Amino acid sequence: MPMTDFDTIRPVLWQHDQVALLDQRRLPGEVSWMHCDSSEAVAEAIRAMVVRGAPAIGIAAAYGAVLAAREAQAGAPEAWRRSLDAALERLEAARPTAVNLHWAVQRQRRCLDGAPADPPAALLAEAHAIAAEDLAANRRMGELGATLITEPGGVLTHCNTGSLATAGYGTALGVIRSAWSAGRVTAVYADETRPWLQGARLTAWELQQDGIPVTLLADAAAPALMRSGAVRWVVVGADRVTANGDVANKIGTYALAVAARHHGVGFMVVAPRSTVDMALPHGDAITIETRAADELLAVHGHPVAAPGASAWNPVFDITPAQLVDALVTEAGVIHNPDAERMQALFGGA
Ligand code: MRU
């Protein structure tokens, strides 16, 4: 895959018949790779956030399906499809909110339904295609989204939506990359993104690798930054967009959308077609992943909360479509998304 300016990182590779994952838990202190040689190892890596970001976990699962097919072939011939289906279900269930995981595994199931002569080879070709299509979609969304940023100004982003979260280039961060190279972004602000610190650890690292300066802020500082006039657009990704245009994304996104509307700041969601779930009518139908309380009560294993406190740790929230000014996909831009406009661009389930 060609690397262009401001885009040098690839988080998921197929290497030596294994799935190689840039270990995102260890960034930015350590750049190390985990090599998964079984489909279960890939599912566990997705659960444990070695690889994260909606499109990236879909791509990892697509490569995991290749390992699953090899494992099934090594077992009893009459049971191969049953054991392969069980492994695909484990990959699909690794995290619940990002629809890309389901989408990628479904695509691999459809590939198998075509009864290929060499299932692992066919699944590998399909996984490469999924990754290549994601990269192409990101570049297209980058171009489309950047055209909405018409005047130079600051942008604020949340979580990590960049090369690390995708096949490369990124969704929201792809738009920021494109607008930056067009000279229309004067400052990139990134929320630190509690509690996993995807903004502080990953977005800041990724932008530094690619020579784009970044200013971090605590999530709670975002409304004050908007009030100061430093930000023209909030640009975020998505883990699932439903048929009415509601958006599931990293916890804190909803608060950004409310604050953006209050301050007259644009709110842009950038997501490929693989993140759109026309089968769900609205955001309340999305399963929101809740992770362990320890992720809030401790930092790097060191307790920070008063002993005995409990914690509520939903890791995504729903932003109602009414708060979204623009939904950017590779198929086009929807301004003020609603059920009718979503249907016009994406059709039915
Ligand atoms: O829990 P994570 O780190 O997987 O969450 C990632 C996000 O919420 C991103 O904003 C989302 O996947 C869209 S980015 C391509």
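Keep in mind that this is a model prediction, so the values were computed, not measured. Read the numbers this way: they start at 1 and go in the same order the structure lists the ligands and their atoms.
Taking every heavy atom of Gln198 and a limit of under 4.0 angstrom, the matching atoms of ligand 1 come to 1 (O), 2 (P), 3 (O). Atoms of ligand 1 lying under 4.0 Å from any heavy atom of Arg95, numbered from 1 in the order shown and given with element: 1 (O), 2 (P), 4 (O). Which parts of ligand 1 touch Thr161 is read off a 4.0 Å heavy-atom cut-off, strictly below it: atoms 10 (O), 14 (S).
The protein atom (non-hydrogen) at minimum distance from atom 7 (C) of ligand 1 is Asp239 OD1, 3.3 Å. Looking at atom 13 (C) of ligand 1, its nearest protein heavy atom turns out to be Ala238 O, 3.2 Å. Among protein heavy atoms, the minimum distance from atom 9 (C) of ligand 1 is reached at Asn249 OD1, 3.5 Å. Looking only at protein heavy atoms, the nearest one to atom 5 (O) of ligand 1 is Lys250 CE, 3.3 Å.
At a 3.5 angstrom cut-off on N or O pairs, Asn160 does not count as close to ligand 1. Looking at Thr171 next to ligand 1, no N or O pair under 3.5 Å apart turns up. Some N or O of Ala54 is nearer than 3.5 Å to an N or O of ligand 1, by distance alone. Residue-to-ligand polar distances keep Ala165 apart from ligand 1: every N/O pair is separated by 3.5 Å or more.
Aromatic ring pairs are classed by plane angle as parallel below 30°, tilted from 30° to 60° and perpendicular above 60°; the pair Tyr63 and His128 is perpendicular.
Assignment of Ala98 to the shell around ligand 1 is not supported, since no heavy atom sits closer than 4.0 Å. Ligand 1 is never approached by Trp196 to a heavy-atom distance shorter than 4.0 Å. In this structure, Gln24 does not count as a contact residue of ligand 1, since none of its heavy atoms falls inside 4.0 Å of the ligand. Not a single heavy atom of His158 sits closer than 4.0 Å to an atom of ligand 1.
Two residues are said to be in side-chain contact when any heavy atoms from C-beta on lie closer than 4.5 Å; Leu88 and Leu112 meet this criterion. Contact check for Thr319 versus Asn249: no side-chain heavy atoms found under the 4.5 Å cut-off. The shortest distance between side-chain heavy atoms of Arg177 and Ser163 falls below 4.5 Å. The shortest distance between side-chain heavy atoms of Gln198 and Thr161 does not fall below 4.5 Å. With contacts defined as side-chain heavy-atom distances shorter than 4.5 Å, the pair Leu156/Leu217 qualifies. Using a 4.5 Å cut-off on side-chain heavy atoms (C-beta onward), Asn160 and Lys250 make no contact.
A salt bridge does not link Arg52 to Asp239: none of the charged side-chain nitrogens sits closer than 4.0 Å to a carboxylate oxygen.
Scanning for side-chain contact (heavy atoms from CB on, under 4.5 Å) contacts around Ala45 gives Leu21, Met34, Cys36, Val50, with sequence neighbours left out. With sequence neighbours left out, Arg240 forms a side-chain hydrogen bond (donor to acceptor under 3.5 Å, both in side chains) with Asp277.
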